[in-house]
Amino acid sequence: MTNSTYAPQAPEGAVRELHRLMGLMTGDEKHSTAATSTLDALWVLYDRVLRVSPGTVGDRGRDRFLLSKGHGPMAYYAVLVAKGFFGEELLGGFGGYGSPLGHHPDRTLVPGAEIGSGSLGHGLPLAVGSVLGLRAQGLTDPRVWVLIGDAELDEGSNHEAIGYAGPAGLEQLHTVVIDNGSASYGRPGGIVARFEAAGWSAEAVDGRDHEALYAAFTAPHPGRPRAVVARVEPKSG
């Protein structure tokens with residue numbers, strides 16, 4: 001199911017525009033490499049997959065997107081601007097005193113942000129809780145997406161969440177793992193095997209290939225949570 005508010009845009013033109021928007025953000029703590037590693041996955045999600053828009057951010061039936069990899073939010077801010085959640089005039093103040101756009105997103109300040117993030121290992125457990133909260137309200141249609149970095153899998157909280165979500169059959173839960181080779185510890189069989197061992201539907205794709213990302217994001221996974229490992233070679237910004 002695609003985003004019903006915006007027509008998908010050509011990848012080349014969209015990415016050029018996103019890089020222009022990212023270029024408006026300056027400072028010494030941009031974490032630009034972390035940001036660019038997430039850019040393509042974020043764009044495909046917001047352009048073609050997520051059922052949320054500036055006009056529906058308060059709707060109970062919206063999809064929820066949780067940025068766990070919050071220590072490099074430039075790409076996230078650029079995508080939110082491109083989709084109309086707030087104006088690009090805010091980008092120039094990124095990380096500055098009085099700006100709502102901090103080095104870690106704050107959900108009380110950033111229009112469209114669902115959580116405050118940046119501490120490793122928090123996003124996936126929060127996503128599990130979000131799905132359980134939706135279920136408790138009888139809301140089984142909204143989907144919860146969370147984007148994490150491969151290094152976050154060094155955190156035990158994530159493995160507790162993975163181990164719970166599979167047997168619980170949290171079909172509404174979707175995890176995107178940006179794999180740029182920054183984890184401290186390897187996994188037997190790789191990241192996909194870790195999720196599959198816990199009962200998830202999981203797949204690895206090229207994290208720069210928009211069509212591959214879209215196909216993986218929209219693949220059916222009845223009765224199971226879904227994990228997509230987006231493998232990228234980070235680009236400096």
K.L.:
Going from NE2 on H19 to CE on M74, what distance comes out if it is rounded to the nearest 0.5 angstrom?
P.N.:
9.5 Å
K.L.:
When you compare the side chain of D150 with that of V229, does any pair of heavy atoms fall below 4.5 Å?
P.N.:
no
K.L.:
Could you measure the distance from the OG atom of S37 to the CG atom of N180? Nearest 0.5 Å is fine.
P.N.:
4.5 Å
K.L.:
Got N158 and P125 here, is their nearest side-chain heavy-atom distance under 4.5 Å?
P.N.:
yes
K.L.:
Can you check whether F86 reaches L91 side chain to side chain, under 4.5 Å on heavy atoms?
P.N.:
yes
K.L.:
State whether the number of non-hydrogen atoms from other residues, nucleotides or ligands found under 6.0 Å of R20 atom CZ is greater than 12.
P.N.:
yes
K.L.:
Does any N or O in the side chain of T56 come within less than 3.5 Å of the main-chain N or O of S53, such that one atom is a donor and the other an acceptor?
P.N.:
yes
K.L.:
If the threshold is 4.0 Å, N to carboxylate O, is there a salt bridge linking E211 and R48?
P.N.:
yes
K.L.:
Check R226 against S201 and note the closest heavy-atom contact, atom names and distance.
P.N.:
NH1-OG, 2.8 Å
K.L.:
At their closest point, which heavy atom of W43 faces which heavy atom of A82, and how far apart are they?
P.N.:
CZ3-CB, 3.8 Å
K.L.:
What pair of heavy atoms forms the shortest contact from D63 to E114, and how long is it?
P.N.:
O-OE2, 4.2 Å
K.L.:
What distance do L18 atom CG and T36 atom OG1 have between them, rounded to the nearest 0.5 Å?
P.N.:
12.0 Å
K.L.:
With a 4.5 Å limit on heavy-atom distance, are the side chains of L126 and V146 in contact?
P.N.:
no
K.L.:
If you define the side chain from C-beta out and look only at heavy atoms, does anything of Y164 sit under 4.5 Å from V128?
P.N.:
yes
K.L.:
Using side chain to side chain contact (heavy atoms under 4.5 Å, CB included), reason through K83 and D47 one step at a time and then give a plain yes or no.
P.N.:
CA-CA 8 Å; K83 286 304 179 186; D47 193 47; 2.6 Å; yes
K.L.:
Looking at every heavy atom in both A75 and L39, which two are closest together, and how far apart are they?
P.N.:
CB-CD1, 3.7 Å
K.L.:
Are V131 and I115 connected into the same hydrophobic cluster when the rule is that any two of I, L, V, M, F, W, Y join if their side-chain heavy atoms are below 4.5 Å apart?
P.N.:
yes
K.L.:
How long is the gap from NE2 on H159 to CG on L124, to the nearest 0.5 Å?
P.N.:
9.5 Å
K.L.:
Give a yes or no on whether M22 and L45 share a hydrophobic cluster (residues Ile, Leu, Val, Met, Phe, Trp, Tyr; joining criterion: side-chain heavy atoms under 4.5 Å apart).
P.N.:
yes
K.L.:
Shared ILVMFWY cluster between F217 and F65, side chains joined below 4.5 angstrom?
P.N.:
yes
K.L.:
Thinking salt bridges, do R208 and E233 make one under a 4.0 Å N-O criterion?
P.N.:
no
K.L.:
Same cluster for L109 and V57 if Ile/Leu/Val/Met/Phe/Trp/Tyr side chains link at under 4.5 Å?
P.N.:
no
K.L.:
Is the side chain of E203 donor-acceptor paired with the backbone N or O of V228 at a distance under 3.5 Å, no angle test?
P.N.:
no
K.L.:
Determine whether V15 and H210 satisfy the following criterion, side chain to side chain contact (heavy atoms under 4.5 Å, CB included), listing intermediate values before the conclusion.
P.N.:
CA-CA 11 Å; V15 171; H210 288 207; 3.8 Å; yes
K.L.:
Rounded to the nearest 0.5 Å, how far does CD1 of I191 lie from CZ of R194?
P.N.:
11.5 Å
K.L.:
Parallel, tilted or perpendicular for H221 and H174, by the 30°/60° rule?
P.N.:
perpendicular
K.L.:
CD of E171 to CZ of R224: how many Å apart, nearest 0.5 Å?
P.N.:
10.0 Å
K.L.:
Do E17 side-chain atoms and A14 backbone N/O form a donor-acceptor pair below 3.5 Å?
P.N.:
no
K.L.:
So do the side chains of L153 and I148 get within less than 4.5 Å of each other, counting heavy atoms only?
P.N.:
yes
K.L.:
What heavy-atom pair brings E88 and L24 nearest, and what distance separates the two atoms?
P.N.:
OE2-CD1, 3.6 Å
K.L.:
Please tell me whether W200 and V144 are part of a single hydrophobic cluster in this structure, the criterion being side-chain heavy atoms less than 4.5 Å apart.
P.N.:
yes
K.L.:
Please give me the minimum heavy-atom distance between L147 and A41, naming the atom from each residue.
P.N.:
CD1-CB, 4.4 Å
K.L.:
Yes or no on side chain to side chain contact (heavy atoms under 4.5 Å, CB included) for L139 and Q172, after CA distance, side-chain angles and deciding distance?
P.N.:
CA-CA 10 Å; L139 298 172; Q172 290 166 265; 5.6 Å; no
K.L.:
Please walk me through it: do H104 and H71 pass side chain to side chain contact (heavy atoms under 4.5 Å, CB included)?
P.N.:
CA-CA 5 Å; H104 292 182; H71 54 281; 3.6 Å; yes
K.L.:
Please identify which of these residues, L170, L173, L66, meets the side chain to side chain contact (heavy atoms under 4.5 Å, CB included) condition with S130.
P.N.:
L66
K.L.:
Please examine the side chains of Y46 and L80, heavy atoms only from C-beta on, and report whether any two atoms are closer than 4.5 Å.
P.N.:
yes
K.L.:
Do P225 and T175 touch side chain to side chain, with heavy atoms closer than 4.5 Å?
P.N.:
no
